[in-house]
Amino acid sequence: MTVKVTVTGAAGQIGYALLFRIASGHLLGPDVPVQLSLLEITPALKAAEGTAMELDDCAFPLLKGIDITDDPNYAFNGTNVALLVGARPRTAGMERGDLLSANGGIFGPQGQAINDHAADDVRVLVVGNPANTNALIAQRHAPDVPADRFTAMTRLDHNRALSQLSSKLGVPVTDIKKMTIWGNHSATQYPDLYHAEVGGKIAAELVDQDWLKDTFIPTVAKRGAAIIEARGASSAASAANAAIDHVYSWVNGTPEGDWTSAAVVSDGSYGVPEGIISSFPVVSRNGQWEIVQGLDIDDFSRGKIDASVKELQEERDAVKELGLI
Ligand SMILES: NC(=O)c1ccc[n+]([C@@H]2O[C@H](COP(=O)([O-])OP(=O)(O)OC[C@H]3O[C@@H](n4cnc5c(N)ncnc54)[C@H](O)[C@@H]3O)[C@@H](O)[C@H]2O)c1
Ligand SMILES: O=C(O)C[C@H](O)C(=O)O
């Protein structure tokens with residue numbers, strides 16, 4: 001069966017790195033035909049058409065068609081997978097409230113359109129920042145869609161953590177299991193080495209504590225800013241790659257003996273208030289994310305998780321105050 005995948009912000013940087021990999025079968029698997037739906041703002045439709053021309057020119061065997069529109073109701077009609085990438089970036093002089101309002105104006109109507117028109121099995125990944133809170137806004141506008149279908153992306157942070165640890169220890173990334181990002185996709189996120197394992201040993205015991213606390217955590221948490229500083233633009237190919245990883249794991253399952261990280265609607269696990277969209281250690285079974293249960297959280301980790309969750313609660317309260325949820 002052909003799967004319909006909607007990508008918002010399709011003419012942007014991440015869109016350009018993402019669409020070709022979706023069409024070549026990396027999002028869902030090498031045997032799954034896809035129909036692409038590209039949503040853009042009106043002035044960017046022409047650029048999206050250009051990208052669609054290039055997609056045509058690849059003659060991808062799995063690509064069954066491409067629609068391009070500026071109408072969310074049309075873009076999400078019958079959608080099985082929605083990748084919400086387009087967002088309003090923060091510009092000079094913009095207050096936090098202005099940023100949240102501008103994004104509320106995007107993610108509220110998109111959530112509503114998903115509610116009204118998407119397929120019953122729709123799965124939503126929000127990439128556009130502030131990703132967790134944008135996902136919360138979209139989810140609250142889709143009361144008829146099960147809340148657990150709305151997720152935000154922390155897989156890029158997860159992959160960054162794998163890469164940093166791998167180069168520190170001189171081991172392949174495939175030797176590292178059970179990495180976790182907790183909390184918000186922001187500088188308060190907590191990449192956790194106390195549950196990660198390398199060759200069956202706890203990663204935190206293989207590195208010195210100063211490196212873990214003063215180098216590893218800030219390097220992962222501030223990597224997005226470091227990329228912007230170096231490239232003059234935010235991460236694009238690595239973000240697209242992480243979006244592919246997130247959806248592939250969600251649909252096809254996570255391997256036994258390992259887990260990954262995703263921001264999902266909290267059920268109250270680990271003291272994270274119910275309803276906010278926060279990153280957890282997760283496995284995917286039968287096409288559904290499940291939060292890994294039963295991990296011991298020491299005082300250091302507790303403080304880090306609480307700090308990031310507090311930020312998420314403040315973002316939630318701010319969008320509530322602005323009438324966006
Ligand atoms: N979660 C993560 O790990 C992560 C990583 C990297 C980037 N990001 C975020 O992803 C977002 C996109 O990044 P980018 O580099 O592709 O940005 P970009 O500016 O290159 O592209 C964004 C696109 O979104 C479009 N857009 C704006 N409003 C829209 C709307 N209402 N409907 C549809 N499209 C709309 C714009 O026209 C633009 O083409 C940003 O918010 C960025 O901060 C998140
Ligand atoms: O776009 C950003 O602000 C950074 C991005 O979220 C990233 O983590 O690379």
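First listed ligand is number 1; within each ligand, the first listed atom is number 1. In what follows, every heavy atom counts, from backbone to side chain, and hydrogens, waters and symmetry copies are set aside.
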Heavy atom of the protein closest to atom 17 (O) of ligand 1 (residue, atom name, distance):
Q13 N, 4.5 Å
Which residue and atom name correspond to the protein heavy atom nearest atom 21 (O) of ligand 1, and how close is it?
G12 CA, 3.2 Å
Nearest heavy-atom approach of F107 to G86 is CZ-O, 3.4 Å
Give the single entry among I227, T42, V127 that approaches atom 44 (C) of ligand 1 most closely by any heavy atom.
V127
Region of I227 that comes within reach of ligand 2 [heavy atoms, distance under 4.0 Å]
neither
If you have a sec, work out which protein heavy atom is nearest atom 41 (O) of ligand 1 and how many Å separate them, to one decimal?
N129 N, 3.0 Å
Note: A203 and V198 closest approach over all heavy atoms is CB-CG2, 4.1 Å
Can you list the atoms of ligand 2 that are under 4.0 Å from a heavy atom of N129?
1 (O), 2 (C), 3 (O), 5 (C), 6 (O)
Tell me whether the rings of Y270 and F280 are parallel (<30°), tilted (30 to 60°) or perpendicular (>60°).
tilted
What one should report as the nearest heavy-atom pair of L322 and G97 is CD1-O, 3.8 Å
For I106, atoms of ligand 1 separated by under 4.0 Å from a heavy atom:
28 (N), 31 (N)
I need the contact type for H185 against ligand 1. Using non-hydrogen atoms and a strict under-4.0 Å cut-off, is it side chain, backbone, both or neither?
side chain
Check each atom of ligand 2 against the heavy atoms of I228 and keep those under 4.0 Å away; list them by number with element.
2 (C), 3 (O)
Suppose I only count heavy atoms of S235 and a 4.0 Å limit; which atoms of ligand 2 are within that range?
7 (C), 9 (O)
Within the 4.0 Å heavy-atom shell around G9, which atoms of ligand 1 are there?
23 (C), 24 (O), 25 (C), 33 (C), 34 (N)
Look at atom CG of D57 and say whether more than 12 heavy atoms of other residues, nucleotides or ligands are closer to it than 6.0 Å.
yes
Residues E314 and K310 bridged, charged N to O under 4.0 Å
yes
With under 30° as parallel and over 60° as perpendicular, where do the rings of H246 and W289 fit, or are they tilted in between?
perpendicular
Atoms of ligand 2 close to H185 [distance to a heavy atom under 4.0 angstrom, numbered from 1]
5 (C), 6 (O), 7 (C), 8 (O)
shortest atom 37 (O) of ligand 1-to-protein heavy-atom contact is with E40 OE1, 2.7 Å
Using a cut-off of 6.0 Å, state whether more than 12 heavy atoms not belonging to D298 lie near its atom CG.
yes
Close side-chain approach of D258 and T254, heavy atoms under 4.5 Å
no
Would you check whether T8 has a nitrogen or oxygen atom less than 3.5 angstrom from a nitrogen or oxygen atom of ligand 1?
no
Part of R160 with heavy atoms under 4.0 Å of ligand 2, whether side chain, backbone, both or neither
side chain
To check you understand the geometry: which heavy-atom pair defines the closest contact between Q293 and S269, and what is its length?
NE2-OG, 2.9 Å
L156 heavy atoms, cut-off 4.0 Å: which ligand 1 atoms fall inside?
3 (O), 5 (C)
Indicate whether any N or O donor in one side chain lies under 3.5 Å from an N or O acceptor in the other, for R316 and T133.
no
Exercise check, heavy-atom protein proximity under 4.0 Å to atom 19 (O) of ligand 1
no
Please report whether atom 10 (O) of ligand 1 has a protein non-hydrogen atom at a separation of less than 4.0 Å.
yes
Does CD belonging to E321 count more than 12 external heavy atoms closer than 6.0 Å?
no
Check if A11 has a non-hydrogen atom at a distance under 4.0 Å from any atom of ligand 1.
yes
Under a 3.5 Å threshold, yes or no: a donor from one side chain and an acceptor from the other, between E54 and Y16?
yes
Where is the nearest protein heavy atom to atom 7 (C) of ligand 1: which residue, which atom, and how far?
I14 CD1, 3.5 Å
So the atoms of ligand 1 within less than 4.0 Å of a heavy atom of V85 turn out to be 10 (O), 11 (C), 12 (C)
Can you confirm, on distance only, whether ligand 1 has an N/O atom lying under 3.5 Å from any N/O atom belonging to D157?
no
Close approach of Q110 to ligand 1, heavy atoms, under 4.0 angstrom:
yes
For ligand 1, which atoms, with element, lie under 4.0 Å from some heavy atom of A87?
41 (O)
Beyond-backbone contact of Q110 with F76, side-chain heavy atoms, under 4.5 angstrom:
yes
Find all atoms of ligand 1 within a distance of less than 4.0 Å from any non-hydrogen atom belonging to A239, and give their numbers and elements.
5 (C), 6 (C)
Hey, are Q112 and D116 close enough side-chain-wise for a donor-acceptor pair under 3.5 Å?
yes
In terms of residue, atom name and distance, what is the protein heavy atom nearest to atom 28 (N) of ligand 1?
I41 CG2, 3.6 Å
Any S235 heavy atom less than 4.0 Å from ligand 1:
yes
If you measure only the distance, is there a donor-acceptor pair under 3.5 Å linking the side chains of Q35 and T2?
no
